[in-house]
Amino acid sequence: MAIMEILTAPDPRLREVSKPVDKVDDDLRALMDDMLETMYDAPGIGLAAIQVGVPKRVIVMDLAGKDEEPAPRFFINPEILDPSEEKNLYEEGCLSVPEYFDEVERPARCRVKYLDYDGEEQILEAEGLLATCIQHEMDHLEGVLFIDYLSRLKRDRVLKKLKKEQRLTAAM
Ligand code: GNR
Ligand code: NI
């Protein structure tokens, strides 16, 4: 197991469209194990492979509270089915947009079809935080960040601050 480096905006790799996985094998499981460890270390509740620089359609997630048993979830080649008309507002954050949170509106419920850790096809009914998080992660697979839903003014302000911080870190 290994902790990987998480890319931060405006890294152009975060804009790539990730490629479908053609085989769920031990190499892919090793990547998912490393992603999970990286996500727990961050800490975060979800992570898409492109956030660690791997353009594959792979997501790891764990929505368990800190006093609960870990409940890791793995989504390979996920597809969203039947998004609800009803929307939900949720205060989102992103490990690739550190220290910024803002409200995003998304379908309140959806179904997700995906392959699990063993490569078995699954369909999951999602609502609440699970629905929000899976849609946030699916966006990463398309090169979309939650700040893309904000006004241009807000987005540019966030990106400018991140660029400045990266300049300062690079100079250290
Ligand atoms: O850790 C995370 N928290 C979070 C909170 C609200 C909505 C979405 C998320 S996902 C985020 C981790 C991350 O950046 N995943 O891509
Ligand atoms: Ni994110």
Side-chain angles (χ1 to χ4, degrees), residues 2-21 28 31-80 83-84 86-112 114 117 124-151 154-155 157-159 161-163 165-166:
I3 291 171
M4 304 171 84
E5 188 188 338
I6 297 177
L7 307 180
T8 52
D11 191 308
R13 288 171 287 180
L14 291 168
R15 296 309 189 176
E16 283 181 38
V17 177
S18 295
K19 300 255 176 352
V21 168
L28 188 77
L31 168 68
M32 294 193 289
D33 292 345
D34 286 346
M35 286 171 60
L36 193 70
E37 193 182 4
T38 302
M39 183 193 81
Y40 286 142
D41 178 71
I45 58 174
L47 190 73
I50 193 61
Q51 293 181 274
V52 291
V54 180
K56 292 183 199 273
R57 301 186 81 83
V58 174
I59 291 164
V60 300
M61 196 181 294
D62 190 333
L63 304 181
K66 60 174 162 40
D67 299 325
E68 292 170 349
E69 285 289 303
R73 298 172 186 268
F74 304 89
F75 300 90
I76 302 157
N77 298 344
E79 290 171 51
I80 300 258
S84 62
E86 190 193 335
K87 307 286 196 255
N88 222 354
L89 257 191
Y90 205 94
E91 171 118 317
E92 299 195 15
C94 181
L95 294 172
S96 297
V97 187
E99 288 162 37
Y100 184 77
F101 301 85
D102 214 331
E103 285 185 328
V104 177
E105 189 182 83
R106 300 183 187 272
R109 286 177 304 283
C110 60
R111 290 194 298 156
V112 194
Y114 63 100
Y117 195 81
L124 176 71
E125 304 270 348
E127 60 175 359
L129 180 57
L130 177 60
T132 294
C133 194
I134 192 80
Q135 292 174 74
H136 173 115
E137 303 308 339
M138 295 277 311
D139 274 352
H140 279 300
L141 306 187
E142 300 301 322
V144 172
L145 299 173
F146 84 98
I147 52 173
D148 298 344
Y149 298 105
L150 309 178
S151 69
K154 279 189 179 180
R155 182 170 57 253
R157 212 156 51 199
V158 176
L159 289 172
K161 182 164 164 279
L162 289 174
K163 276 187 219 164
E165 278 167 10
Q166 282 161 30

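Numbering of ligands and ligand atoms starts at 1, following listing order. These numbers come from a predicted model, not from an experiment.
- Closest protein heavy atom to atom 15 (N) of ligand 1: E137 OE2, 2.6 Å.
- Minimum interatomic distance between I59 and P78 (heavy atoms only, all atoms of both residues): CD1-CG, 3.9 Å.
- Checked against a 3.5 angstrom limit, the closest N/O atoms of H140 and ligand 1 fall inside it.
- Distances below 4.0 Å separate heavy atoms of G44 from the following atoms of ligand 1: 1 (O).
- Restricting H140 to its N, O or S atoms, the one at the least distance from the Ni ion (ligand 2) is NE2.
- Nearest N/O/S atom of H136 relative to the Ni ion (ligand 2): this is NE2.
- Residue contacts with ligand 1: H136 is placed with a nitrogen or oxygen under 3.5 Å of a nitrogen or oxygen of the ligand (distance criterion only).
- Of the polar atoms of S96, none of the N or O atoms is found under 3.5 Å from an N or O of ligand 1, judged by distance alone.
- The closest side-chain donor-acceptor pair between E92 and T132, if any, does not fall under 3.5 angstrom.
- In this structure, atom 1 (O) of ligand 1 lies nearest to the protein heavy atom I45 N, 3.0 Å.
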Worksheet entry | Evaluation steps, salt bridge (charged side-chain N to carboxylate O under 4.0 Å, His left out), between D148 and R15 | CA-CA 11 Å; D148 298 344; R15 296 309 189 176; 2.8 Å; yes
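- Under a 4.0 Å criterion applied to the non-hydrogen atoms of C94, ligand 1 contributes the atoms 14 (O).
- Side-chain contact of D139 with Y149: a donor-acceptor pair under 3.5 Å is present, judged by distance alone.
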Worksheet item: Can Y114 and N77 be said to form a side-chain hydrogen bond (donor to acceptor under 3.5 Å, both in side chains), step by step?
Response: CA-CA 6 Å; Y114 63 100; N77 298 344; over 6 Å; no
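- Scanning the protein heavy atoms around atom 12 (C) of ligand 1, the nearest turns out to be G46 O, 3.1 Å.
- Ranking the protein heavy atoms by distance from atom 9 (C) of ligand 1 puts G93 O, 3.5 Å first.
- The protein heavy-atom contact nearest to atom 14 (O) of ligand 1 is L95 N, 2.8 Å.
- Of the possible polar contacts, one joining the Q51 side chain to the A48 backbone as a donor-acceptor pair under 3.5 Å is found.
- Considering all non-hydrogen atoms of both residues, P72 and L36 come closest at CB-CD2, 3.6 Å.
- One N or O on the side chain of D34 and one on the backbone of A2 form a donor-acceptor pair closer than 3.5 Å.
- Counting heavy atoms from C-beta outward, E105 and N88 have side chains that stay 4.5 Å or more apart.
- Proximity of E91 to ligand 1 is established by a heavy-atom distance of less than 4.0 Å.
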